[in-house]
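Some notes on the structure that comes next.
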Protein chains: 2
Amino acid sequence: MKNSIRRQKLLHAAERLFLCRGFASVSTTDIAREAGCNHALIHYYFGNKEDLFREVFLEKIRQILTTLMNYLEIERPIFEQTDKFIDAYFDLLTANPNLPFFIINELTLNAERRRYLRVNFVDKPITREVYQRVDMMIKKEIEQGNIRPIEPKDLLLDIAGVTVFSFIAVPAYRDFITDDADSLNLFLADRRQEAKLLIRRGLLPL
Amino acid sequence: MKNSIRRQKLLHAAERLFLCRGFASVSTTDIAREAGCNHALIHYYFGNKEDLFREVFLEKIRQILTTLMNYLEIERPIFEQTDKFIDAYFDLLTANPNLPFFIINELTLNAERRRYLRVNFVDKPITREVYQRVDMMIKKEIEQGNIRPIEPKDLLLDIAGVTVFSFIAVPAYRDFITDDADSLNLFLADRRQEAKLLIRRGLLPL
DNA sequence: TCACTTTTTAACAAATTTGTTAAAAATTTT
DNA sequence: AAAATTTTTAACAAATTTGTTAAAAAGTGA
């Protein structure tokens, strides 16, 4: 039952729709239609809409963290690392442009509920792993005076901020340009370069 | 009628609720209850839920842009400017922590509808004004070799990214710490410093 | 005060949403 | 093939949501 093909179809449909429109704007009937079945099946397989959403959400987060973590190889020089990490972010977001919306939505809307249920949206072991890798990566670079002192959380948030925000800004950017894909791709390619440059220079010691 | 006290109450109630929960999760009945009246009044004053939302949204955006623009005085030295601008962002977001959620939500969900209706969410004159001020601000600094070449849009997005993302990360950060206000304030104060530093150094010429 | 206008509500309608249930259909086991 | 089990659906129910409308209530000017 856990591996049922219909169950998988429902998960995919749900992921697609939740990512586009968010939890509240997608009905179980929508999802069932997309998966080609009756909406009662959602309750059969997942109990209710919320539990289905939770499953989709946690899996997506896990996916992201795993993908990003694979880009962190401790041995390489720091600026090669930050560049690669920014590339990883940009590629991930190019493939899933609505990810920021999806995550921020859940983070904001269900913050209290999650806290009450003691369900953390993040997979702590993976997050800790990411954190520790970054910590090891920058520690020696700081000691050697290659970069200024900085905490892992700040480096991670700085990189996430400049990259994610480039994608968040896309709809606003569209208001200003004639709407063609080329110009958008150019914009994102520019932003990618700028992000790398900003982080590289922003880390330099004085 | 445009200045009716009830109309104002409805606008405030709508703003409060939409900011907390987003368009889809707030019903007209919720808003009316919050404003202490019958939900038919919403249709009387605003036509429908969407038009009410649009009014709330546009006003909020206008507010933000105006606030931020007041921080841009062309004559002051560039790094004083960036610091002040980051402060402005942090203060704004401290007062309205759900603003990123609110705006990203609308940007993402209604992108197509807005485009179709040719309703831009941004007030173009104000945005252009901001853009031009920044342009003037950095142009001479670049010529004088005080900062590296950078486009206004990149500077604006870099600053917005590192600041806004600090607030977006708050709910996730909460999952890791014992939940007390002091530690959160400390986190945000740290992020404010880090943002200023990153932008300062990230702009330096090599 | 009285006619007139504006504001507000109660009652209703249509559509949608989540969830249940009993039974049909399909699949597996014996 | 018959029995047992699993998967799927149709039909239904309760709650909610947006919006309409007719009339009540409040306010205004003559």
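What's counted below: heavy atoms across the whole structure, side chains too, no hydrogens, waters or symmetry copies. By convention in this document, chain letters (A, B, ...) are assigned in the order of the sequence lines, proteins followed by strands, and residues within each chain are numbered from 1.
Listed by chain and number, the residues in a salt bridge (charged side-chain N to carboxylate O under 4.0 Å, His left out) with D30(A) are R21(A), R33(A) (sequence neighbours excluded). Contacts of F90(B) classified as ring-ring contact (aromatic ring centres under 6.0 Å, His included), with partners at least two apart in sequence or in another chain: F167(B). Partners of L184(B) according to the side-chain contact (heavy atoms from CB on, under 4.5 Å) rule, which considers only residues two or more places apart in sequence or in another chain, are V170(B), Y173(B), R174(B), F187(B). Partners of A35(B) according to the side-chain contact (heavy atoms from CB on, under 4.5 Å) rule, which considers only residues two or more places apart in sequence or in another chain, are K9(B), L10(B), A13(B), C37(B).
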Under 3.5 Å between N/O atoms: give me all the protein pairs with nucleotides 4-8 of chain D, atom names plus distance.
{"unit_1": "dT7(D)", "atom_1": "OP2", "unit_2": "Y44(A)", "atom_2": "OH", "d": "2.9"}
{"unit_1": "dT8(D)", "atom_1": "OP1", "unit_2": "R6(A)", "atom_2": "NH1", "d": "3.4"}
{"unit_1": "dT8(D)", "atom_1": "OP2", "unit_2": "Y45(A)", "atom_2": "OH", "d": "2.9"}

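The distance between atom CG of D30(A) and atom P of dA15(C), rounded to the nearest whole Å, is 17 Å. When the C1' atom of dG19(C) is taken as reference, atom CG of D51(A) falls 13 Å away, rounded to whole Å. One can place NE2 of H43(A) at 4 Å from P of dG19(C), the figure rounded to the nearest angstrom. We find that CG of N48(B) is positioned 17 Å from C1' of dT21(D), with the value rounded to whole Å. One interatomic measurement links the two molecules: CZ of F53(B) to P of dT17(D), which rounds to 17 Å at whole-angstrom precision. Protein atom CZ of F46(B) is 16 Å distant from nucleotide atom C1' of dG19(D), rounded to whole Å. Taking atom CD1 on I31(A) and atom P on dT16(C), their separation rounds to 17 Å, with Å as the unit.
Residue-to-nucleotide proximity on DNA chain D shows that, of K49(B) and A40(B), the 5′-proximal contact is made by K49(B).
K84(B) forms no cation-pi arrangement with F79(B), by the criterion of a distance under 6.0 Å to the ring centre and an angle within 45° of the ring axis.
Ring geometry for F53(B) versus F57(B): interplanar angle under 30°, hence parallel rather than tilted (30 to 60°).
When T94(B), T163(B), D91(B) are each tested for a side chain to side chain donor-acceptor pair (under 3.5 Å) with R192(B), only one passes: D91(B). Results of the salt bridge (charged side-chain N to carboxylate O under 4.0 Å, His left out) test with E55(B) over R7(B), R62(B), K60(B) single out R7(B) as the only residue that passes.
Within the 4.5 Å cutoff, the side chain of R76(A) has heavy atoms near those of the Q81(A) side chain.
Among dT20(D), dT9(D), dT18(C), the nucleotide with an atom closest to any side-chain atom of H39(A) is dT18(C).
For the segment residues 9-23 of chain A, no residue has any heavy atom less than 4.0 angstrom from an atom of DNA chain C.
Neither OP1 nor OP2 of dT16(C) sits under 4.0 Å from any side-chain N or O of S27(A).
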